[in-house]
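When a ligand or atom number is given, it counts from 1 through the structure's own listing order. Predicted, not measured: the structure shown is a model, and the values here were computed from it. The first residue of the sequence shown is numbered 1, and numbering continues consecutively from there.
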Amino acid sequence: MARRVFSGIQPTGNVHIGNYLGAIRNWVALQDKYDSLFCIVDFHAITLAYDPNQIYDRILDVAATNLAVGLNPEKVTLFVQSSVPEHTELTWYLTCLTSLGSLERMTQFKDKSARQKGNIFAGLMNYPVLQTADIILYKADLVPVGDDQIQHLELAREITRRFNTTFGEIFPEPQPLLTSGARVMALNDPTSKMSKSIEGSCISLDEKPESIRKKIRRAVTDPGPQGGEMGPGVKNLFLLLEAFTEPDVYRQFKTDYANEQLRYSDLKHTIGEGIVEHLTPIRERRAELLAKPDYLKDVLMAGGDRARIEAQETLKQVREVMGFKFPVS
Ligand code: TYM
């Protein structure tokens, strides 16, 4: 049987080139080789303050973007987490196997709770348990993510192991799959990762050409000497150069850098044009898809139907081994 891939993305704002290079581009590459499920994780999106009136449109937006970059709904199961309520049931079972200490140690929890004004709710801390449930509900083997998710994946493996040793070997231990763009840094602060929540840090997949050029022109580089170790801003620009231009262009700039002949303005111009060229067809396809909300809804609902059958099957097994003998009525 083909190995199974699962991954997720939150409908919390515009999909950016970090999400694209770290995860979604890889999803497209994997869809021909593996049995793949990709989930728009709206239950995760409510772990921080959100607007209930926006979430539906944001889901359609993420779906349109995923299809625009090349996910084929005939090949993959693309669905919305909340249309498969089994995710939350399994989360509860796993919550009872997860130590509080391990959740408190999660870097993402610490970062997000430090930024949160007001109450921090238990859902934010349990975020990685829900993520574990997402993955093992479908018995996935491989999880293509950016490297900020590695710690969550390690915890997912630990929780899975605990389940298997307590109740019997039901689940494979999921493995992360990383790409060369696994960590794209913020353009305006290359010591932090590019993120929807850092103003001015990212380029979204529907960004207009002029805005792309401007953001790249303003990207932080370094005043340091060329030829030696690159500073974080320059390293990040080279990552974008490699992702969005041809290999010979990348090689030439690398040589110029080594020979101390690189002009950052040329580098930025080439990257800006490369991104504009790469994203223009994606932006156009995305707009066409967004004009067909019923089609997007149908794709997601068909995906949800397929996912739910599997999820129910897994939960039947889980309930049995955990000793819940009363049927769901
Ligand atoms: P989200 O929506 O925050 O991120 C979606 C994906 O984008 C990657 N990513 C990045 N990659 C490279 N550079 C960056 N600057 C960058 N920023 C984000 C993330 O690593 C992620 O792969 N917790 C997940 C959502 C999720 C999930 C799952 C993933 C929920 N359940 C089960 C895998 C399996 C997340 O970070 O979403």
Hey, mind stepping through Y20 and H278 against ring-ring contact (aromatic ring centres under 6.0 Å, His included) and telling me if it holds? CA-CA 12 Å; Y20 177 59; H278 194 95; 5.6 Å; yes

Subset of ligand 1 atoms that lie under 4.0 Å from at least one heavy atom of [X]:
| X | answer |
| --- | --- |
| K196 | 2 (O) |
| H16 | 17 (N) |
| G181 | 12 (C) |
| G22 | 11 (N), 12 (C) |
| S7 | 29 (C), 33 (C), 34 (C) |
| Y127 | 23 (N), 24 (C), 25 (C), 35 (C), 36 (O) |
| I9 | 2 (O), 5 (C) |
| V143 | 33 (C), 34 (C) |

I'd like the name of whichever of [options] reaches closest to [atom] through any heavy atom.
| atom | options | result |
| --- | --- | --- |
| atom 27 (C) of ligand 1 | Q131, M194, H152, K193 | Q131 |
| atom 12 (C) of ligand 1 | A140, G146, A182 | A182 |
| atom 6 (C) of ligand 1 | P176, A186, A23 | A23 |

Would you mind checking which non-hydrogen protein atom is closest to [atom], with the distance to 0.1 Å?
| atom | answer |
| --- | --- |
| atom 5 (C) of ligand 1 | N19 ND2, 3.6 Å |
| atom 25 (C) of ligand 1 | G8 O, 3.6 Å |
| atom 10 (C) of ligand 1 | G18 O, 3.4 Å |
| atom 13 (N) of ligand 1 | V184 N, 2.9 Å |
| atom 30 (C) of ligand 1 | H44 CE1, 3.4 Å |
| atom 19 (C) of ligand 1 | D148 OD1, 3.4 Å |
| atom 36 (O) of ligand 1 | Q149 NE2, 3.0 Å |
| atom 31 (N) of ligand 1 | D134 OD2, 2.7 Å |

S195 touching ligand 1 at heavy-atom level, < 4.0 angstrom: no

Look only at the side chain of [X] and the backbone of [Y], and say whether a donor-acceptor pair between them is shorter than 3.5 Å.
| X | Y | answer |
| --- | --- | --- |
| T270 | K268 | no |
| R306 | V76 | yes |
| D61 | D57 | no |
| D35 | R3 | no |
| D51 | N53 | yes |
| N236 | P190 | no |
| R4 | D141 | no |

Looking at M106 and S102, what are the two nearest heavy atoms and their distance? CE-O, 3.4 Å

Of F163, F324, F171, the one forming a ring-ring contact (aromatic ring centres under 6.0 Å, His included) with Y93 is F324

Is it the side chain (CB and beyond), the backbone, both or neither of I135 that lies under 4.0 Å from ligand 1, heavy atoms counted? side chain

Taking heavy atoms and a distance under 4.0 Å, where does V145 meet ligand 1: side chain, backbone, both or neither? both

Check this for me - ligand 1, [X], N or O atoms closer than 3.5 angstrom, yes or no?
| X | result |
| --- | --- |
| Q10 | yes |
| F6 | no |
| V41 | no |

Taking atom types as modelled and ignoring hydrogens, do the side chains of Q31 and N72 form a donor-acceptor contact shorter than 3.5 angstrom? no

May I ask you to decide whether E89 forms a salt bridge with R319, counting only side-chain N to carboxylate O separations under 4.0 Å? yes

Lys/Arg N to Asp/Glu carboxylate O, R283 vs E207, below 4.0 Å: no

Under the criterion salt bridge (Lys or Arg N to Asp or Glu O under 4.0 Å), I'd like the reasoning laid out for K193 against D147: C-alpha separation, chi angles, the key distance, then a yes or no. CA-CA 10 Å; K193 90 171 173 150; D147 86 348; over 6 Å; no

H87-Y138 aromatic ring centre distance below 6.0 Å: yes

